[in-house]
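Note sheet for the following structure.
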Amino acid sequence: MKEIKDKSFEIFISAEALAEQITAVAEQLNREYAGKNPVFVSILNGSFIFTADLLRKITIPCEISFIKVASYHAMQSTGQVKNLIGLNEELAGRHVVILEDIVDTGITMEGILNALEVRNPASVRMAVLLFKAEALQKKISPDYVCFRIPNRFVVGYGLDYDGYGRNLPDLYVLKEN
Ligand code: 5GP
């Protein structure tokens, strides 16, 4: 059990299980992007630990860029993608792999895809740590998924509850009463 602010969370996916799946996805990316010089676009803040762990398992030449989106506050999606900050790289003709911590409604990912596609990349795929398929409201289909999870609120391993909990090595889920 873990208390964060006013809520109780319980362990959901261990650091070891996270590492195992992330390694498997990295190996797949190493095979599928060999010779393609991909550019990874990591979505801050939530993806920073996922990105750091995944990238250290990538063995092919690649670049990494970070962008920031603000669309989620505390435990409720605001349903709107706000500013995309930091997208400075030239993406025309490049093979882009978006790295995102979690796809929930898909609203954020749809906004990011739209923002990237106008830059004429050669291809865009999505690698996500967590996918809440039941919550999906958009026609988004993540290409690489580490874990499909039920529609419950999770925290840890980069994901926060109201700013807290990002530093936890394991993933926790909000305790149901
Ligand atoms: P979407 O736009 O797909 O509804 O939400 C995507 C964003 O909402 C994620 O990047 C993440 O920041 C946040 N989010 C969605 N579900 C959760 C959750 O269960 N826990 C946390 N901490 N953030 C979430």
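Because only heavy atoms are used, hydrogens play no part in the values below, and waters and symmetry mates are left out as well, while side chains stay in. Both ligands and their constituent atoms are indexed starting at 1 by order of listing. Numbering starts at 1 and runs along the sequence shown.
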Which atoms of ligand 1 sit under 4.0 Å from any heavy atom of [X]?
X: Arg152; result: 19 (O)
X: Asp160; result: 21 (C), 22 (N)
X: Thr105; result: 1 (P), 2 (O), 3 (O), 4 (O)
X: Ile107; result: 2 (O), 3 (O)

More than 12 heavy atoms from other groups under 6.0 Å of [atom1] on [X]:
X: Glu20; atom1: CD; answer: no
X: Arg148; atom1: CZ; answer: no
X: Lys36; atom1: NZ; answer: yes

Hey, does [X] sit under 4.0 Å from ligand 1 if you only count heavy atoms?
X: Val154; value: yes
X: Glu100; value: yes
X: Gln137; value: no
X: Gly106; value: yes

Nearest non-hydrogen atom to atom 6 (C) of ligand 1 belongs to which of Val155, Thr108, Leu129?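 Considering heavy atoms of Val155, Thr108, Leu129, the nearest to atom 6 (C) of ligand 1 sits in Thr108.
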
Below 4.0 Å, non-hydrogen atoms only: which portion of Lys132 touches ligand 1? Side chain, backbone, both or neither.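 The side chain, only.
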
Using heavy atoms and a threshold below 4.0 Å, how should the contact between Val69 and ligand 1 be classified: side chain, backbone, both, or neither?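 It is neither; nothing of Val69 touches ligand 1.
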
Can you tell which of Ile58, Leu54, Asp53, Thr59 makes a side-chain contact (heavy atoms from CB on, under 4.5 Å) with Arg56?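 So, applying the side-chain contact (heavy atoms from CB on, under 4.5 Å) to Arg56 and each of Ile58, Leu54, Asp53, Thr59, only Asp53 qualifies.
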
Parallel, tilted or perpendicular, as decided by the 30° and 60° cut-offs, for the rings of Tyr33 and His95: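 His95 vs Tyr33 ring planes: perpendicular.
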
Check the angle between the aromatic planes of Tyr161 and Phe153 and answer parallel, tilted or perpendicular using the 30° and 60° thresholds.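 Ring orientation of Tyr161 relative to Phe153: perpendicular.
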
Minimum heavy-atom distance Pro150-Phe12, with the two atoms named: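 Between these two residues, the closest heavy atoms are CD-CZ, 3.9 Å.
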
Among Lys2, Glu3, Lys175, side-chain hydrogen bond (donor to acceptor under 3.5 Å, both in side chains) partner for Ser8: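 Single side-chain hydrogen bond (donor to acceptor under 3.5 Å, both in side chains) partner of Ser8 among Lys2, Glu3, Lys175: Glu3.
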
